[in-house]
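Single-structure report; data block below.
Order of the sequence lines sets the chain letters (A, B, ...), proteins ahead of strands, with each chain counted from 1.
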There are 2 protein chains.
Amino acid sequence: MALGDAILACLTERPMTGYELAKTFDSSIGFFWKADHQQIYRELSKLRDRGYIQGREVVQTGKPNKLVYTLTPEGRTALRHWAARPSTPASTKDDLLVRLHALDSIDIEPLRTDLMARLEHHRDRHANYERILKKRFPDGTAEGRLDLGNLLLLRLGARHEQMVADFCEEALDALSSMSGKAAVVPIEDGKREKG
Amino acid sequence: MALGDAILACLTERPMTGYELAKTFDSSIGFFWKADHQQIYRELSKLRDRGYIQGREVVQTGKPNKLVYTLTPEGRTALRHWAARPSTPASTKDDLLVRLHALDSIDIEPLRTDLMARLEHHRDRHANYERILKKRFPDGTAEGRLDLGNLLLLRLGARHEQMVADFCEEALDALSSMSGKAAVVPIEDGKREKG
DNA sequence: CGACTTTTTCCTGTTACGGTAAATAACGGG
DNA sequence: CCCGTTATTTACCGTAACAGGAAAAAGTCG
């Protein structure tokens with residue numbers, strides 16, 4: 001359980017519904033942890049079964065009733081236990097890197113377009129991080145512990161995106177130096193998978 | 001299928017047995033993609049079923065016979081098709097980041113030890129990358145396309161590890177500034193999970 | 001009315017991860 | 001001669017994660 005712990009971590013801030021959590025996993029914590037609403041609802045059920053969170057139904061008018069989940073003391077303890085265990089360094093698992101590993105067996109043109117898309121993507125994210133940093137931490141310091149964590153996270157995210165963007169640029173540069181060689185036969189046969 | 005493609009990518013270099021692949025996934029490609037021998041053997045069966053690779057039994061004396069897998073033309077095509085699709089940027093999913101996100105609800109001492117362990121880990125990896133870079137690319141340039149890919153990968157890896165190591169240091173610094181505050185109650189209750 | 005938002009739930013898959021273990025066959029140490 | 005190690009493959013167990021399609025229920029907005 002790691003997604004479960006990520007959810008518990010979110011709920012330390014404030015009680016939330018599955019819907020709100022799904023949105024959270026689309027922005028703040030979602031910068032480094034992706035999960036769609038399905039996964040979140042399923043995980044919420046498990047957490048509730050284990051007694052780590054408690055659902056309280058809030059009757060709404062004009063909208064469907066919602067289930068606000070709150071951390072139970074057991075949930076807090078479980079999170080602290082989990083956080084006290086050594087973390088396991090995750091491996092990157094980026095498709096793009098696998099492609100580079102087999103660079104001489106693949107077509108360069110699609111790779112180039114992919115690299116350009118990725119460059120843009122990582123630049124966007126970098127700009128986004130910087131924007132949030134300027135808004136939330138104009139003077140670059142945090143007072144509370146919670147703020148400190150998020151400041152560190154934002155800085156790491158910003159640097160990471162910057163670095164990957166630079167990498168894409170560099171790769172594009174290097175590829176254009178050898179663009180002529182080995183054009184190979186483009187994909188022409190019929191049985192392509194998934195478009 | 002992404003592990004499958006990683007395996008295909010490895011087999012473009014040379015035919016290999018599952019055992020060799022497992023070792024490869026422990027070093028070179030394993031720097032950004034982890035997989036144990038179980039996963040690899042299972043994936044090899046699937047790839048063989050799909051006709052992407054072909055196994056050739058090599059009778060050995062003194063050792064069990066081995067199955068050398070070679071890419072079939074279909075496998076090469078499949079790999080190229082896969083590589084021609086846009087890559088999906090992977091999310092980080094590092095436990096450590098989740099912990100920082102809930103920094104004010106967890107105990108700092110174990111976090112600090114964890115950060116120190118991670119600092120060492122990433123420094124080691126950085127040193128390793130640099131070592132390989134110096135050995136394989138003493139002048140910092142690549143001639144072939146395959147070499148170019150691996151040079152880029154190594155550089156990215158080195159920078160990444162450097163960056164994360166710096167991050168750990170920074171986090172440790174920031175934590176020591178607020179070490180006194182909020183020591184909270186250490187974990188004392190009986191029901192710890194996994195040690 | 002239809003489209004959209006909010007909110008939750010269920011379904012069916014595949015892919016991945018994790019551990020434990022065994023069979024086979026030689027080599028080397030004590 | 002037993003034991004451990006290396007090399008090599010395979011099996012079974014379970015859970016966690018990911019992907020995608022769908023639907024229900026209640027209201028608002030155009």
Side-chain angles (χ1 to χ4, degrees), chain A residues 1-8 15-26 30 32-50 53 55-69 82 85 88-95 98 193-195, chain B residues 1-8 15-26 30 32-50 53 55-69 82 85 88-95 98 193-195:
Chain A
M1 189 178 48
L3 172 58
D5 293 294
I7 289 175
L8 293 182
M16 278 194 263
T17 70
Y19 192 79
E20 286 176 285
L21 276 166
K23 278 192 295 184
T24 303
F25 271 80
D26 236 43
F32 56 90
W33 203 291
K34 283 267 163 277
D36 60 19
H37 73 281
Q38 314 268 17
Q39 279 177 277
I40 288 163
Y41 281 114
R42 246 176 302 160
E43 202 65 34
L44 283 172
S45 310
K46 283 194 219 166
L47 292 171
R48 190 182 37 197
D49 289 350
R50 287 176 207 181
I53 59 177
R56 191 172 40 84
E57 185 162 22
V58 173
V59 182
Q60 298 188 120
T61 57
K63 289 171 193 175
N65 296 345
K66 61 184 177 183
L67 264 166
V68 181
Y69 287 104
W82 171 78
R85 298 216 297 266
T88 52
S91 46
T92 311
K93 296 216 170 167
D94 191 329
D95 292 3
V98 177
E193 52 250 79
K194 273 197 181 176
Chain B
M1 187 180 48
L3 173 58
D5 293 293
I7 290 175
L8 293 182
M16 278 193 264
T17 69
Y19 193 81
E20 285 176 286
L21 276 166
K23 277 191 295 183
T24 304
F25 272 79
D26 236 44
F32 54 92
W33 204 291
K34 284 266 164 278
D36 58 20
H37 74 280
Q38 313 269 15
Q39 279 177 276
I40 288 164
Y41 281 115
R42 250 177 299 171
E43 202 64 34
L44 282 172
S45 310
K46 285 194 216 165
L47 292 172
R48 191 183 37 196
D49 289 349
R50 288 177 206 178
I53 58 176
R56 191 172 41 83
E57 186 162 22
V58 173
V59 182
Q60 299 188 120
T61 56
K63 290 170 194 178
N65 296 344
K66 61 183 176 184
L67 265 165
V68 181
Y69 287 104
W82 172 78
R85 297 214 298 264
T88 53
S91 47
T92 311
K93 298 220 171 168
D94 191 328
D95 292 3
V98 177
E193 50 250 79
K194 274 198 180 176

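The CE atom of A:M16 sits 4.0 Å away from the OG1 atom of A:T24 when rounded to the nearest 0.5 Å.
Regarding A:W33, its CH2 atom lies at a distance of 13 Å from the P atom of D:dA16, rounded to whole Å. Atoms CG (B:L21) and C1' (D:dA7) sit 15 Å apart, rounded to a whole Å. Between the P atom of D:dT9 and the CG atom of B:D36 lies a distance of 15 Å, rounded to the nearest Å. Atom P of nucleotide D:dT15 and atom CG of A:L3 are separated by 17 Å, given to the nearest angstrom. Computed from coordinates, the B:R56 CZ to D:dT8 C1' distance equals 16 Å when rounded to whole Å. Taking atom CD on B:E43 and atom C1' on D:dT10, their separation rounds to 16 Å, with Å as the unit. As rounded to whole Å, 15 Å separates atom P of C:dG18 from atom CZ of B:F25. Nucleotide D:dA11 holds its P atom 16 Å from the CD1 atom of B:I40, rounded to whole Å.
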query: Are B:D36 and B:Q39 close enough, and set up right, to give a side chain to side chain contact (heavy atoms under 4.5 Å, CB included), and what steps lead you there?
result: CA-CA 6 Å; B:D36 58 20; B:Q39 279 177 276; 3.5 Å; yes

- request: Run the numbers on A:W82 and B:V98 for side chain to side chain contact (heavy atoms under 4.5 Å, CB included), then give the verdict.
  value: CA-CA 11 Å; A:W82 171 78; B:V98 177; 3.7 Å; yes

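Remark: A:S91 engages A:K93, B:K34 in a side chain to side chain contact (heavy atoms under 4.5 Å, CB included) (not counting sequence neighbours).
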Anything under 3.5 Å between a protein N or O and an N or O of nucleotides 8-11 of chain C, put it in a table, one pair a line.
unit_1, atom_1, unit_2, atom_2, d
C:dT8, OP1, A:L67, N, 2.6
C:dT8, OP1, A:L67, O, 3.3
C:dT8, OP2, A:G18, N, 3.3
C:dT8, OP2, A:Y19, N, 2.8
C:dT8, OP2, A:Y41, OH, 2.7
C:dT8, O5', A:Y41, OH, 3.4
C:dT9, O4, A:H37, NE2, 3.2
C:dC10, N4, A:Q38, OE1, 2.2
C:dC10, N4, A:Q38, NE2, 3.2

Atom pairs under 3.5 Å: protein N/O with N/O of nucleotides 24-27 of chain D:
unit_1, atom_1, unit_2, atom_2, d
D:dG27, O4', A:G62, O, 3.2

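For the OP1/OP2 pair of D:dT15 and a distance below 4.0 Å, the side-chain nitrogens and oxygens of A:K46 include no atom meeting the criterion.
Between B:Y69 and B:L44 there is a side-chain heavy-atom pair separated by less than 4.5 Å.
Between the B:E20 side chain and the B:T17 main chain, a donor and an acceptor come within less than 3.5 Å of each other.
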